[in-house]
Student: 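I'd like to ask some things about the structure below.
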Amino acid sequence: MKIIFICTKSITYNTFLKSQGDYFLKKGFDVEVACSDVENLNIKNNFRYKINFPKKILHLFNLISYIKIYRQIYKLIKKNPKAIFYLHTPVASHLFRSFTFFRKLKIIYFVHGFRFTSKTNPLKSFLFKTIEKILSFKTDIFITINNDDYNYAQFKLQKNKLCYKINGVGLDLKAKNFKKEISNKNRIKKILVIAAYKKEKGYFEILKVAEMLKNKRIKIDCYGYGNYKKLNSIKIDKKLNNISFKKFDINLDNKIKKYDIMLHLSQREGLPVSVMQSLSAGLPVICYNIRGNNDLIINKLNGYFVNSYEDVPNIIYYLNLEKKVFNKARISAYKSINKNFLRQKINLSIFNIIKKYSKQ
């Protein structure tokens, strides 16, 4: 059986899906990956296929490019008519299903987060819900990673579709991680941020938090993909020496434990890996009460929900005063990530879903 990963850019496969691809290969599946920048794929074989999916918003309006995309998709499915097409990321999944709408294919959609939430603009929400409703006719299985998306896919889309919920893409944790003890800390000195450098990830609000904390000897370190020049310019203009912007570090797992708390002011999530990583290292998380976050965070237990960035300093001051509360939150954070979040276990669950589907 051949399974073809479809995603907009290689970064999705390299960062989140490679473990699944390697696992499927070990289990005897043929695995290929199709994306827009195949030259950057971190795979050992040559089973890669280029589809020029739009990489930026402006590219979405280049109508001529869709002719090339259609031809590339047509060539791929003609060569692999019996393969399972395993879709990831909204742009790639929307275009692939749209351009193959009248073809009989096996399609699984791994929903990293629908483009709408309860907080989305009503018009925008209606648009994306309509798109998903139409494209659900061309989707055999939905794999979701949070309660909101699971409930929507199960009850609002096609009723005869199979829908599963798993704990995201999982974490690469060892058994010893579940046995270690969390040592006490006296106060919050270092705040961690892990998110792509995009507006919706809350970075302009994080800069305002840094401004509010600049005289409190508290450092904020940000790690992410993308361009942070604009953010750094604001930092320089406002003379904020307590915040830094760094490129994403593949060895970040070893550094997370050096931080005291995580700040996550993203406006839309699926099931954030960064939050899971931080919790597993004993870092309580300050975030908004949104889809994905509220699947992982229990307010005032392993983290704190805020209504505004203005609430963040008060929570930090409170935890610095109440050391017992802070350390109790750290223990709760660590304990909230159990073996159900292991990448190996999630890979097995997805493999079983695909294996069962392939026999139909």
Side-chain angles (χ1 to χ4, degrees), residues 11-20 23 88-89 110-113 117 143-150 164-180 182 190-196 200-202 221-225 248-306 329-350:
I11 189 172
T12 301
Y13 184 84
N14 293 342
T15 307
F16 302 116
L17 305 175
K18 188 178 184 300
S19 175
Q20 289 183 33
Y23 186 83
H88 299 264
T89 65
F110 189 110
V111 186
H112 291 266
T117 70
I143 298 178
T144 60
I145 59 177
N146 59 64
N147 289 323
D148 282 6
D149 286 350
Y150 174 74
Y164 299 89
K165 176 180 173 290
I166 61 171
N167 289 323
V169 294
L171 297 176
D172 188 18
L173 300 174
K174 303 293 186 289
K176 62 182 181 180
N177 287 68
F178 300 102
K179 297 180 180 180
K180 69 179 181 182
I182 299 294
K190 297 182 70 176
I191 298 174
L192 175 66
V193 177
I194 308 174
E200 62 265 28
K201 294 299 182 179
D221 287 338
C222 306
Y223 294 87
Y225 292 105
F248 185 79
D249 190 338
I250 58 174
N251 297 314
L252 198 51
D253 280 345
N254 298 323
K255 298 178 181 179
I256 289 177
K257 57 189 177 183
K258 297 179 181 179
Y259 291 88
D260 305 310
I261 201 164
M262 183 194 196
L263 180 60
H264 189 69
L265 296 184
S266 175
Q267 299 283 355
R268 190 184 73 239
E269 286 294 345
L271 193 74
V273 173
S274 59
V275 170
M276 291 189 285
Q277 285 178 308
S278 298
L279 291 172
S280 71
L283 273 65
V285 178
I286 299 176
C287 61
Y288 291 126
N289 184 3
I290 60 171
R291 175 194 70 188
N293 286 350
N294 52 31
D295 288 78
L296 298 168
I297 302 300
I298 299 175
N299 193 34
K300 299 181 181 179
L301 183 68
N302 61 348
Y304 289 82
F305 291 138
V306 293
R330 295 181 65 248
I331 294 171
S332 296
Y334 162 69
K335 289 183 177 180
S336 64
I337 301 299
N338 56 41
K339 294 181 180 180
N340 291 324
F341 291 89
L342 282 172
R343 186 167 290 167
Q344 304 95 302
K345 188 168 185 177
I346 288 172
N347 289 348
L348 175 60
S349 296
I350 296 173

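All residue numbers refer to positions in the sequence shown, counting from 1. Keep in mind that the numbers below use all heavy atoms, side chains included, and drop hydrogens, waters and symmetry copies. Because the structure is predicted, anything quoted here is derived from the model rather than measured.
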Student: Got E200 and S266 here, is their nearest side-chain heavy-atom distance under 4.5 Å?
Tutor: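 Not in contact.
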
Student: Would you please classify the geometry between the F16 ring and the H112 ring as parallel, tilted or perpendicular, with 30° and 60° separating the classes?
Tutor: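 Tilted.
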
Student: How about S19 and D172: do any of their side-chain heavy atoms sit closer than 4.5 Å?
Tutor: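 The answer is no; the side chains never approach within 4.5 Å.
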
Student: Any idea which heavy atoms bring H264 and P272 closest together, and the distance?
Tutor: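 What the structure gives for the nearest pair is NE2-CB, 4.1 Å.
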
Student: Check K345 against K339 and note the closest heavy-atom contact, atom names and distance.
Tutor: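 Heavy atoms of K345 and K339 come nearest at CD-O, 3.6 Å.
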
Student: Does S278 use its side chain to pair, donor to acceptor, with the backbone of V275 at less than 3.5 Å?
Tutor: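 Not a single qualifying donor-acceptor pair exists.
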
Student: Can F110 and I350 be said to form a side-chain contact (heavy atoms from CB on, under 4.5 Å), step by step?
Tutor: CA-CA 10 Å; F110 189 110; I350 296 173; 3.8 Å; yes

Student: Set out, in order, the CA-CA distance, both residues' side-chain angles and the distance that settles side-chain contact (heavy atoms from CB on, under 4.5 Å) for I297 and F305, then state yes or no.
Tutor: CA-CA 8 Å; I297 302 300; F305 291 138; 3.9 Å; yes

Student: Counting only N and O atoms by type, is there a donor-acceptor contact under 3.5 Å from the side chain of N146 to the main-chain atoms of G270?
Tutor: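 Such a contact is found between N146 side chain and G270 backbone.
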
Student: Counting N and O atoms only, with roles assigned by atom type, does the side chain of N293 sit under 3.5 Å from a partner on the main chain of Y288, one being a donor and the other an acceptor?
Tutor: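 Here the side-chain-to-backbone pair exists.
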
Student: Please round to the nearest 0.5 Å and tell me the distance separating atom CD1 of I194 and atom CG of D221.
Tutor: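 Going from CD1 on I194 over to CG on D221, the span is 10.5 Å.
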
Student: May I ask you to check whether T117 and D148 show a side-chain donor-acceptor distance below 3.5 Å?
Tutor: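 No.
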
Student: Do the side chain of D260 and the main chain of K190 share a donor and acceptor less than 3.5 angstrom apart?
Tutor: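 The answer is yes, because a donor-acceptor pair under 3.5 Å joins these two groups.
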
Student: Are the side chain of N167 and the backbone N or O of L271 linked by a donor-acceptor pair below 3.5 Å?
Tutor: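 Here the side-chain-to-backbone pair does not exist.
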
Student: Only one of M276, E269, K165 forms a side chain to side chain contact (heavy atoms under 4.5 Å, CB included) with D295, so which one is it?
Tutor: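 Testing D295 for a side chain to side chain contact (heavy atoms under 4.5 Å, CB included) against M276, E269, K165 leaves exactly one candidate, K165.
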
Student: Could you please spell out the steps behind the side-chain contact (heavy atoms from CB on, under 4.5 Å) verdict for Q20 and R343?
Tutor: CA-CA 9 Å; Q20 289 183 33; R343 186 167 290 167; over 6 Å; no

Student: Please report the shortest heavy-atom distance between N302 and L279, naming the atom on each side.
Tutor: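 Minimum heavy-atom separation between N302 and L279: O-CD2, 3.7 Å.
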
Student: If you take all heavy atoms of V193 and L263, which pair is closest and at what distance?
Tutor: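 Answer, listing the atom of V193 first, then L263: CG2-O, 3.6 Å.
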
Student: Measure the CD1-CZ distance between I11 and F248 for me, rounded to the nearest 0.5 Å.
Tutor: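 It is 8.0 Å, given to the nearest 0.5 Å.
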
Student: Any side-chain to backbone donor/acceptor pair from D149 onto T144? Under 3.5 Å, distance only.
Tutor: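 Between the backbone of T144 and the side chain of D149 there is no qualifying donor-acceptor contact (under 3.5 Å).
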
Student: At what distance, to the nearest 0.5 angstrom, does CD1 of I298 lie from OG of S332?
Tutor: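 If we round to the nearest 0.5 Å, I298:CD1 and S332:OG are 8.5 Å apart.
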
Student: Do you know the tightest heavy-atom contact between A281 and I182?
Tutor: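 Shortest heavy-atom contact: O-CD1, 4.3 Å.
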
Student: Heavy atoms only: give me the nearest G303-P284 pair and the separation to one decimal.
Tutor: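 Distance-wise, the nearest heavy atoms are CA-CB, 4.5 Å.
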
Student: Any chance you could measure I166, atom CD1, to N340, atom CG, to the nearest 0.5 Å?
Tutor: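 If we round to the nearest 0.5 Å, I166:CD1 and N340:CG are 12.0 Å apart.
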
Student: Any side-chain heavy-atom pair from V169 and I346 closer than 4.5 angstrom?
Tutor: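 No - every pair of side-chain heavy atoms lies 4.5 Å or more apart.
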
Student: Hey, what do you get for CG (D253) to CG (L171), rounding to the nearest 0.5 Å?
Tutor: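 If we round to the nearest 0.5 Å, D253:CG and L171:CG are 7.5 Å apart.
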
Student: Compare all side-chain heavy atoms of I337 with those of L173 and state whether any distance is below 4.5 angstrom.
Tutor: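 With C-beta onward as the side chain, the pair touches.
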
Student: Determine whether V306 and L265 make a side-chain contact, defined as any pair of heavy atoms from C-beta on separated by less than 4.5 Å.
Tutor: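 Yes, at least one pair of side-chain atoms sits under 4.5 Å.
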
Student: Run L348 and Y23 through side-chain contact (heavy atoms from CB on, under 4.5 Å) and show every step you take.
Tutor: CA-CA 8 Å; L348 175 60; Y23 186 83; 3.2 Å; yes

Student: With rounding to the nearest 0.5 Å, note down the distance linking OG in S274 to NZ in K201.
Tutor: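 Spacing of OG (S274) from NZ (K201) equals 7.0 Å.
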
